[in-house]
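Here the structure is laid out as C-alpha cells; the discussion comes afterwards.
This structure is a prediction, so every number in the text was calculated from the model and none was measured. Proteins get letters first, then strands, A, B, ... in listed order; numbering begins at 1 in each. Heavy atoms only: backbone and side chains are in, while hydrogens, waters and symmetry mates are out.
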Amino acid sequence: MPSLFAEQVYAELRKVPWGRVTTYKELARAVGTKAYRSIGQVMRANPFAPEVPCHRVVASDGSIGGFGGEWRRGKKIDDKVSLLAKEGVVVNDGRVVDFERVLFRFR
DNA sequence: CTCGTGACTTACG
DNA sequence: ACGTAAGCCACGA
C-alpha cells in the first residue's frame, strides 16, 4: 500500500490530460512539497502502472530524466516513452519536443 | 531515532 | 554549455 505522499502524487499525476506531460517540480508543488527526489521514488514504485502514467513526468528542463535515457538499458522498463510519442508527446534525443506546449501546469 | 538511497533541482567554477 | 557539489524531502532497514 502506497504511502500518503505517494497517493497524492498519483492523484495529481492522474489529472494530467492526454497528450500532456508534467515535471517533477510542478508535481511536487501540486502536492505541496519540495521533495523532488521523493517524487522519483514514487514514480519508480509506480504500483498503479499504466493508470498512473509515470512516463508523462519529465525533468524541469524538458529532458526525459532518468526513465528514458541511459537508465532504461539494463532495466526492464516498457516502451512508455515510445508509447508517449505515439500519443502526441514527441520525444527526440531524450528531449520533449515543444516541451512548454505539451507541459501541463497545475496551479 | 539514525543512516543510506534516489526516475530531482539549483548553484557554482 | 558542461561537470561537480550541495540542498532538499520521503522511505525502508
Side-chain angles (χ1 to χ4, degrees):
Chain A
M1 172 174 182
S3 61
L4 177 61
F5 174 70
E7 296 268 8
Q8 294 180 83
V9 176
Y10 298 137
E12 296 303 320
L13 180 55
R14 215 179 301 124
K15 293 178 188 171
V16 179
W18 184 91
R20 293 292 195 83
V21 296
T22 186
T23 68
Y24 294 96
K25 201 167 78 175
E26 289 295 315
L27 211 43
R29 182 187 299 222
V31 300
T33 182
K34 303 137 199 110
Y36 315 116
R37 311 194 101 188
S38 299
I39 303 288
Q41 282 185 66
V42 174
M43 293 300 111
R44 191 161 97 56
N46 190 20
F48 295 93
E51 203 215 41
V52 177
C54 48
H55 53 275
R56 280 188 193 158
V57 184
V58 299
S60 63
D61 61 348
S63 62
I64 287 303
F67 65 83
E70 308 183 11
W71 183 76
R72 80 149 117 153
R73 48 178 167 177
K75 320 290 189 188
K76 43 163 93 157
I77 228 180
D78 300 318
D79 301 59
K80 313 210 161 179
V81 180
S82 302
L83 191 61
L84 188 60
K86 221 173 184 189
E87 298 187 344
V89 182
V90 183
V91 179
N92 202 329
D93 193 39
R95 288 285 213 164
V96 177
V97 179
D98 296 320
F99 172 57
E100 307 234 347
R101 191 157 69 172
V102 297
L103 174 60
F104 175 78
R105 304 167 198 254
F106 292 94
R107 324 194 194 191

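Residue-level contact check: A:F5 touches the backbone only, with heavy atoms under 4.0 Å from sugar-phosphate atoms and none from bases.
Of the side-chain N and O atoms in A:T33, one or more sit less than 4.0 angstrom from OP1 or OP2 of C:dA10. Distances shown here put a side-chain N or O of A:K25 below 4.0 Å from the OP1 or OP2 atom of B:dT10. Between C:dC11 and A:S38, no contact under 4.0 Å exists linking OP1 or OP2 to a side-chain N or O. For C:dC11, the OP1/OP2 oxygens have a side-chain nitrogen or oxygen of A:S3 closer than 4.0 Å.
Distance A:Y10 OH to C:dA10 C1': 12 Å, rounded to the nearest Å. If you take CG of A:L27 and P of B:dA7, they are 16 Å apart, rounded to a whole angstrom. Distance, A:Y24 OH to C:dG7 C1': 19 Å, rounded to whole Å. The separation between A:K34 atom NZ and B:dT10 atom P is 14 Å, rounded to whole Å. Atom pair A:E7:CD and C:dC11:P shows a separation of 11 Å (rounding to whole Å applied). When the C1' atom of B:dT9 is taken as reference, atom CG of A:D61 falls 9 Å away, rounded to whole Å. Rounded to whole Å, the distance from CE on A:M43 to P on C:dC11 is 12 Å. Going from atom CG of A:L4 over to atom P of C:dA10 covers 11 Å, rounded to whole Å.
Hydrophobic clustering places A:V58 together with A:V91 (ILVMFWY residues linked when any side-chain heavy atoms are closer than 4.5 Å, directly or through intermediates). Following chains of ILVMFWY side-chain contacts shorter than 4.5 Å, one can reach A:Y24 starting from A:V52, so the two form part of one hydrophobic cluster.
The distance from atom CG of A:L27 to atom OH of A:Y10, rounded to the nearest 0.5 Å, is 10.5 Å.
Between A:Q41 and A:T23, the residue anchored nearer the 5' end of DNA chain B, judged by the nucleotide with its closest heavy atom, is A:Q41. Taking the nucleotide of DNA chain C with the nearest heavy atom to each of A:Y36 and A:V42, the more 5' of the two is matched to A:Y36.
Salt-bridge annotation for A:R14 and A:E51: present, with a side-chain N of the basic residue lying under 4.0 Å from a carboxylate O of the acidic one.
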As a quick check of understanding, evaluate side chain to side chain contact (heavy atoms under 4.5 Å, CB included) for A:W18 and A:E87, giving each step before the final call. CA-CA 8 Å; A:W18 184 91; A:E87 298 187 344; 3.4 Å; yes

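Of the listed nucleotides (B:dT10, B:dA7, C:dA10), C:dA10 has the atom at the smallest distance from the side chain of A:A35.
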